[in-house]
Undergrad: 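Before we start, here is the structure in question, set down as structure tokens.
Residue numbering restarts at 1 for every chain, and letters A, B, ... go by the order of the sequence lines.
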Amino acid sequence: MQLVLSEDQELISKTVGDFVEERSPVSRFRALRDSNDDTGYSKALWKEMAELGWVGISIPEEYGGAGMGLADLAIVLEGLGSRLAPEPFFSTVLLGGQMLIRGGTKDQQGTWLPGIAAGEKIISLAYQELGSRYDLNVVETRAEDINNGFSITGEKTLVLDGHVADCFLVVARTAGDSRSSEGISIFLVPSDADGLVVTRQTRVDFRNSAVVSLSGVFVQRNALVGELHRGATLLEDVVDYATAGLCSEMLGGMQQAFKLTMDHVKERKQFETAVGSFQALKHRAADIFIELELARSATMACTRAIDEESENSSKLVSLAKARCSDAYLLASNEGVQMFGGVGMTDEYDIGLYLKRARACELTFGDSSFHRNRWALLGGY
Amino acid sequence: MQLVLSEDQELISKTVGDFVEERSPVSRFRALRDSNDDTGYSKALWKEMAELGWVGISIPEEYGGAGMGLADLAIVLEGLGSRLAPEPFFSTVLLGGQMLIRGGTKDQQGTWLPGIAAGEKIISLAYQELGSRYDLNVVETRAEDINNGFSITGEKTLVLDGHVADCFLVVARTAGDSRSSEGISIFLVPSDADGLVVTRQTRVDFRNSAVVSLSGVFVQRNALVGELHRGATLLEDVVDYATAGLCSEMLGGMQQAFKLTMDHVKERKQFETAVGSFQALKHRAADIFIELELARSATMACTRAIDEESENSSKLVSLAKARCSDAYLLASNEGVQMFGGVGMTDEYDIGLYLKRARACELTFGDSSFHRNRWALLGGY
Amino acid sequence: MTELTIFREEIREWLESSAPGALKGIGNNVLEGCWGGRNPIFPHPEQEEWLSLAAEKGLTAPTWPKKYGGAGLSDDEHKVFREEVSRLKLPAPLIGFGLTMIGPTLLRFGTDEQKAQHIPSIVKGRVRWCQGYSEPGAGSDLASLQTRAEVDGNDYIINGTKVWTSYADKSDWIFALVRTDPGAKKQEGITFLLIDMATPGISVSPILLISGSSPFCETYFEDVRVPRKNVVTEENAGWTVAKALLGHERSMIADAFGGAAEGKKAKTLPEMAKSYVYGGGGEVADAVLRDRIVQNEMDTAAFKYTVQRTRDAARAGQQPGAESSLFKVYGTELNQRRYDILMKIAGPQSLGWEGTGFEDEELGRTREWLRSRGNSIEGGTSEIQRNIIAKRVLGLPD
Amino acid sequence: MTELTIFREEIREWLESSAPGALKGIGNNVLEGCWGGRNPIFPHPEQEEWLSLAAEKGLTAPTWPKKYGGAGLSDDEHKVFREEVSRLKLPAPLIGFGLTMIGPTLLRFGTDEQKAQHIPSIVKGRVRWCQGYSEPGAGSDLASLQTRAEVDGNDYIINGTKVWTSYADKSDWIFALVRTDPGAKKQEGITFLLIDMATPGISVSPILLISGSSPFCETYFEDVRVPRKNVVTEENAGWTVAKALLGHERSMIADAFGGAAEGKKAKTLPEMAKSYVYGGGGEVADAVLRDRIVQNEMDTAAFKYTVQRTRDAARAGQQPGAESSLFKVYGTELNQRRYDILMKIAGPQSLGWEGTGFEDEELGRTREWLRSRGNSIEGGTSEIQRNIIAKRVLGLPD
């Protein structure tokens with residue numbers, strides 16, 4: 001495992017950095033939010049990212065992607081995360097797309113992956129339910145085996161980009177009780193299916209999600225992704241993958257929040273002295289710096305472990321997510337505090353990072369969830 | 001509940017303060033330690049404390065004590081704790097004496113309490129065993145019911161002042177398995193009993209304790225303190241009482257450690273500036289101050305709750321012990337750090353407080369033990 | 001029968017017979033309080049009657065002198081009055097900065113003319129006040145203020161901007177700090193001035209916070225003409241007045257957090273945790289979360305006892321130290337930790353801003369969490385409070 | 001076959017045939033290492049032979065020039081040598097401050113005469129060195145040193161006291177900072193001087209720490225006469241030399257903590273916890289303690305990856321930043337947290353100092369806990385490291 005960017009990766013990093021600087025400053029996200037935009041992201045920019053090869057970066061070449069690794073995708077996510085870009089990477093690439101790559105049939109892959117890579121199709125994973133918290137095995141949505149197909153009924157919440165998805169991967173129970181890892185199956189359901197209702201949600205971080213209700217939605221047998229009853233492992237692997245991606249996004253966000261804060265305290269004077277010269281603040285800044293560095297190391301390690309299919313990749317994902325959750329909150333909490341009163345106003349960007357930090361923390365498990373998972377994986 | 005010292009209590013506080021300043025500075029404790037003194041405390045000073053009425057402060061007047069409350073005794077303990085005085089208050093007054101007051105027969109009380117109040121008898125509670133940790137119900141020492149008496153076999157560790165005790169209150173199992181609260185009984189055993197061997201221990205805080213081994217030690221039926229099989233509640237109440245007393249001692253220690261540290265940083269110059277003028281240090285000092293204040297409030301509340309026999313006194317004991325454990329460690333850890341290199345040398349007193357802080361933390365349960373107990377008592 | 005007992009009986013009888021029945025049992029919820037003013041808002045229609053009844057007897061400002069419309073109660077009588085009001089769970093007849101801030105200030109520092117002009121209208125709830133201290137870019141360094149007041153005959157001409165003026169958009173008068181001598185050292189050259197918000201040249205715009213809308217405003221002064229007689233004490237002596245008032249404000253905020261530990265217990269953290277992450281056997285399933293809850297409960301208990309200790313000590317005649325700084329820094333940070341735990345307890349259900357998929361209670365908590373981040377900034381930042389403790393209590397050198 | 005492969009084969013053959021068999025498998029335990037000197041101590045009798053064999057080939061100082069007795073290895077060859085030594089788990093033939101500190105300093109700054117006098121005797125392990133920097137009351141402010149060196153003909157007369165001189169009681173020479181120009185500004189007027197510990201007027205007393213005995217000493221100089229030719233570089237230019245050496249020392253300490261994360265894993269925390277507080281089902285019974293253990297394990301893992309990242313970046317040609325400060329502050333505090341947890345795990349069994357009722361392992365851990373409190377003080381306090389990060393990495397103003 002090499003914990004340093006290759007020259008190619010450095011180049012991607014620079015390209016993404018220039019791109020967000022010019023094309024996707026935070027003001028763009030803000031404008032989307034304030035205009036109550038229908039899609040909540042920029043279709044044009046998404047198309048452009050696809051043309052730059054970013055959307056399909058991890059999709060196999062045969063389906064129009066670049067066939068690269070998560071470590072490469074992570075660089076893009078970090079750059080976009082630094083400016084809170086709301087484009088549908090998580091729904092479509094890290095969750096939906098990745099699940100098809102890992103578990104889809106050739107047919108399913110051929111139908112969807114090229115459209116994803118081209119930036120033309122949005123596909124989302126509907127796994128979370130009210131009360132499921134971070135336990136992927138808590139699934140109450142049921143899929144009944146009927147006449148050559150399945151009838152799905154249940155309600156999914158916080159389905160990322162659900163309001164613009166062309167299709168959903170719905171996690172449903174085909175057997176077992178509502179907390180068992182056995183009996184979980186995954187189905188491809190088009191968003192215009194009869195009995196499927198999508199209601200857009202408004203989140204604190206203004207990222208896009210929806211409640212998806214299914215009442216007797218019929219799908220054919222070939223809608224099954226992965227094995228019947230045995231979807232739990234596939235789901236866990238995909239969520240691990242997306243979690244590593246989320247950590248990369250968080251890294252970009254926390255780094256930028258910290259940068260904004262440091263820039264501010266260097267400028268801002270109080271009692272005729274730059275706020276940044278107060279030693280108590282300096283020591284806190286040094287501690288944030290350290291936490292950010294450690295979060296970066298952990299995240300780099302986990303993306304590479306996934307690419308290398310290392311056996312401890314799940315442990316490293318938990319390491320990264322636990323650290324990134326705490327570090328992003330630290331950097332943004334301290335950011336607001338160091339900005340002072342103006343940090344509390346909607347006008348300043350630091351509050352947007354605080355909201356995103358919280359949303360990221362509570363997605364795919366918070367730090368104590370992942371510490372517990374680390375211990376369980378370590379056998380104690 | 002009044003969380004303020006009465007005028008009488010203020011007077012005790014001043015007397016104790018003057019006493020330790022003159023008669024019991026830390027150098028006295030140090031000398032006892034360095035001379036490998038046989039008793040490890042000053043018999044003469046103990047006698048003097050008894051004459052001042054401190055040893056018998058909580059012993060009923062009919063047995064030569066002052067019949068006052070724990071809130072009064074706490075003042076004495078705080079004063080002595082501020083200079084690490086090693087006199088046998090915990091063994092003899094807070095554990096042994098208190099257990100006789102609460103559970104002893106008139107005969108037992110009449111035999112021992114006057115001697116305790118007069119500073120002539122040392123009595124200790126032998127409850128802890130290797131592996132019992134903080135669980136009072138883990139008792140493997142067995143007392144078998146035989147011919148008009150009991151035969152006790154087992155090993156007790158960390159028996160406070162065991163090497164100078166005239167008599168032990170031995171917690172033994174008369175029924176039940178080794179973790180059950182049922183079947184625990186307590187016996188008065190003279191230190192010269194056949195089959196009882198005392199081995200002095202050397203602790204990190206140089207406070208006195210011993211391992212007490214019992215092999216077939218015979219006691220008569222009238223040696224039983226409290227009810228047969230039902231000693232667990234008495235034991236818990238007495239340990240609660242002693243814990244509240246320990247918190248008071250800790251309060252004195254942490255306050256003095258903090259004072260030494262503040263005095264040092266005001267004097268000590270580095271880079272031509274008093275160390276105490278560095279803002280990062282100031283903010284840490286302010287946080288220690290706050291923690292000390294909160295620890296004091298919690299301790300005052302718990303001693304008064306015990307005196308008032310309030311139903312939430314156990315909860316308040318856990319509150320105080322959890323806070324005092326963490327606060328004393330904080331004050332002494334930060335003390336060593338703020339003293340710098342010299343803080344690491346045996347020559348400076350701050351290290352003695354660090355050791356005592358740790359020893360206190362690990363006596364009667366550390367902070368996470370007491371947080372768990374608080375939750376259990378609160379029903380969650 | 002003591003005089004106080006007689007007083008209690010009179011008050012009780014009066015409250016029982018006169019106070020509007022519809023208000024009994026409502027309690028003292030600030031959000032539902034009556035702030036008075038030229039265009040008063042009465043969340044409950046009966047509050048109008050309650051205000052007028054109380055004001056008539058001066059009981060909106062119970063301890064203020066009768067001469068200016070107050071009830072002239074002694075401290076003991078005031079205590080009895082509050083006890084009787086809370087016995088019936090009646091809301092306060094009137095709340096606001098007139099009663100808590102500018103009223104006491106004018107009673108102490110104002111001229112007879114100022115008292116006569118302003119105090120009765122505060123007591124009657126006819127004029128609502130706001131405060132104009134902070135300025136953009138000043139932060140904790142209040143004395144660096146830039147709003148200029150230039151003398152022009154018997155008037156000042158005011159130019160500048162004030163921020164964090166709570167309820168400026170709903171207030172009739174503002175008490176403000178302005179710079180009258182730009183040449184003087186920072187804290188000198190500042191004047192404490194009373195300004196009618198209806199004066200031409202004043203405009204107000206509300207401040208949007210990260211938690212949503214807020215009572216805070218930005219208030220702009222453009223060539224605003226204010227009579228010089230509206231100065232409290234003297235020109236360039238405003239810092240003294242401000243400091244007295246600021247100490248008062250901080251101890252109010254500190255008290256609020258000292259009190260918050262007790263009040264506002266809609267649901268305890270263990271209850272919340274049981275509803276979101278309930279395990280078996282009465283325990284909260286997530287042991288680490290449970291421990292954080294215990295820590296917060298213990299912090300709250302220890303803090304509550306510290307507040308009590310300070311009060312008991314004060315009653316025993318002991319001098320208070322820097323307790324208000326301790327209360328402020330610890331109380332606010334405790335509240336922040338509490339919201340942090342609440343967010344973790346509700347987990348993904350903490351992610352809502354509005355609408356579908358979230359309970360109103362959940363949406364409210366998330367906004368309150370965001371709002372709580374400001375607690376350690378407003379009313380003297382935690383940093384300033386720690387500086388104060390280090391200097392005043394611990395005597396650490398500058 | 002590359003030259004390096006040939007070199008490896010030669011070294012391997014030589015080690016296998018010549019290195020004392022009794023030492024193979026012992027590994028590099030510093031406590032058991034050989035420090036050399038006029039009165040050397042050989043914890044294993046075979047170390048004497050091993051030292052002499054290695055010294056003969058210059059392999060005690062593998063990269064030093066052959067001219068002065070070193071082996072003159074390239075960096076790549078040196079790496080091969082270390083790999084082969086550790087393949088056989090051989091101890092280093094020689095350790096000490098001669099090799100790590102004064103040797104490299106003299107090679108860089110020393111005169112030919114100084115090199116010829118000192119380097120070979122270091123390589124041969126004949127002279128043991130110690131360092132005389134700190135003074136009582138100086139702490140982190142090294143430049144405030146007071147030890148005076150007054151010129152007297154071709155000599156200096158030295159008076160003063162040095163503290164924290166590790167192993168001064170066992171060393172033959174000391175390199176020290178002394179003040180030669182008391183009038184100059186702090187960091188000027190300091191001279192770097194080599195002093196034979198056998199010189200009359202030098203006395204040494206060991207320092208007792210809170211954890212017990214220690215290698216540290218206090219070293220007193222009373223009218224000690226030292227030839228002026230023992231100055232390294234020039235009079236009053238000692239600060240430059242010291243700074244170079246100090247940077248070296250700090251990165252050594254940081255490395256030690258960076259490495260400590262990996263090495264010295266007698267028992268992991270989970271293993272320890274299982275032996276003291278084992279629950280059912282493979283879990284540690286105390287859930288909160290378990291969580292603290294996880295935190296420490298995670299901190300250790302993230303730290304380890306950060307060390308690796310720095311090394312990988314350096315190999316990729318990227319400039320290092322203030323990593324050594326990060327390593328120092330985080331590595332030491334991590335170690336302290338680890339001992340804190342260890343104390344809690346063993347609970348009452350952590351209370352022993354010596355003797356009855358405690359296992360040797362328990363007694364050792366308690367002493368190590370106490371010793372660990374010094375980690376955040378020695379070699380540049382955590383406060384100093386945070387200052388450095390704030391200034392050099394974050395660019396915060398003074």
Undergrad: Starting from the C-alpha separation in whole Å, work towards a yes-or-no answer on side chain to side chain contact (heavy atoms under 4.5 Å, CB included) for A/His283 and D/Asn387.
TA: CA-CA 7 Å; A/His283 282 202; D/Asn387 286 343; 2.8 Å; yes

Undergrad: Do you know the tightest heavy-atom contact between A/Ser318 and D/Met298?
TA: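 A/Ser318 and D/Met298 have their closest heavy atoms at O-CE, 3.7 Å.
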
Undergrad: Is there a side-chain contact between D/Leu396 and A/Met262 in this structure, where contact means two heavy atoms from C-beta onward sitting under 4.5 Å apart?
TA: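 Yes - at least one pair of side-chain heavy atoms lies under 4.5 Å apart.
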
Undergrad: Do D/Tyr305 and A/Glu293 meet the criterion of a side-chain donor-acceptor pair at a distance under 3.5 Å?
TA: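 Distance-only check fails for D/Tyr305 and A/Glu293.
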
Undergrad: Which atoms of A/Leu316 are under 4.5 Å from chain D, going by heavy atoms: the side chain, the backbone, both sets, or neither?
TA: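 Contact with chain D is through the side chain of A/Leu316 alone.
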
Undergrad: Measuring heavy-atom distances to chain D, does A/Ala322 have an atom under 4.5 Å in its side chain, in its backbone, in both, or in neither?
TA: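 A/Ala322 touches chain D through side-chain heavy atoms alone.
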
Undergrad: Can you tell me how far the CD1 atom of D/Ile389 sits from the CD1 atom of A/Ile288, to the nearest 0.5 Å?
TA: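 Taking CD1 in D/Ile389 and CD1 in A/Ile288, the distance rounds to 12.0 Å.
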
Undergrad: So for A/Arg371, is it side chain, backbone, both, or neither that comes closer than 4.5 Å to the heavy atoms of chain D?
TA: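 Answer is both: backbone and side chain atoms of A/Arg371 are under 4.5 Å from chain D.
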
Undergrad: Taking every heavy-atom pair that is under 4.5 Å apart, which of A/Ser6, A/Ala301, A/Ala298 has the most such pairs with chain D?
TA: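 Max contact count across the listed options: A/Ala301.
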
Undergrad: Return the OH to OG1 distance between A/Tyr380 and D/Thr268, rounded to the nearest 0.5 Å.
TA: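 Reported to 0.5 Å precision, the distance equals 8.0 Å.
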
Undergrad: Find the one option among A/Arg284, A/Arg296, A/Lys259, A/Glu7 whose heavy-atom pairs under 4.5 Å with chain D are most numerous.
TA: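 Greatest number of close heavy-atom pairs with chain D: A/Arg296.
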
Undergrad: Among D/Thr310, D/Val307, D/Asp312, whose side chain to side chain contact (heavy atoms under 4.5 Å, CB included) with A/Leu3 holds?
TA: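 For A/Leu3, the side chain to side chain contact (heavy atoms under 4.5 Å, CB included) test succeeds with only one of D/Thr310, D/Val307, D/Asp312, which is D/Asp312.
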
Undergrad: As an exercise: rank D/Asp398, D/Val294, D/Asp299 by heavy-atom pairs under 4.5 Å with chain A and give me the winner.
TA: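 Greatest number of close heavy-atom pairs with chain A: D/Val294.
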
Undergrad: Below 4.5 Å, heavy-atom pairs only: which of D/Arg386, D/Gln308, D/Lys274, D/Gln295 has the largest tally toward chain A?
TA: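 The option with the most such pairs is D/Arg386.
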
Undergrad: Which atoms of A/Phe278 are under 4.5 Å from chain D, going by heavy atoms: the side chain, the backbone, both sets, or neither?
TA: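 For A/Phe278, neither part sits under 4.5 Å from chain D.
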
Undergrad: Measure the shortest side-chain to side-chain distance between A/Leu319 and D/Glu297 over non-hydrogen atoms and say whether it is less than 4.5 angstrom.
TA: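 Not touching, per the 4.5 Å side-chain cut-off.
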
Undergrad: Within this structure, what is the OG1-CG distance for the pair A/Thr261 and D/Leu394, rounded to the nearest 0.5 Å?
TA: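 Answer rounded to 0.5 Å: 11.0 Å.
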
Undergrad: Rounded to the nearest 0.5 Å, what separates atom NZ in A/Lys282 from atom CD in D/Glu383?
TA: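 It comes to 14.0 Å.
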
Undergrad: Do D/Arg290 and A/Asn372 touch side chain to side chain, with heavy atoms closer than 4.5 Å?
TA: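 When only atoms from C-beta onward are counted, A/Asn372 and D/Arg290 do touch, with a gap below 4.5 Å.
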
Undergrad: Given heavy-atom pairs under 4.5 angstrom as the criterion, report whether the side chain, backbone, both or neither of A/Gln279 touches chain D.
TA: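 Side chain only.
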
Undergrad: Side chain, backbone, both or neither: which part of A/Ala274 has a heavy atom under 4.5 Å from chain D?
TA: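 For A/Ala274, the side chain is the part near chain D, not the backbone.
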
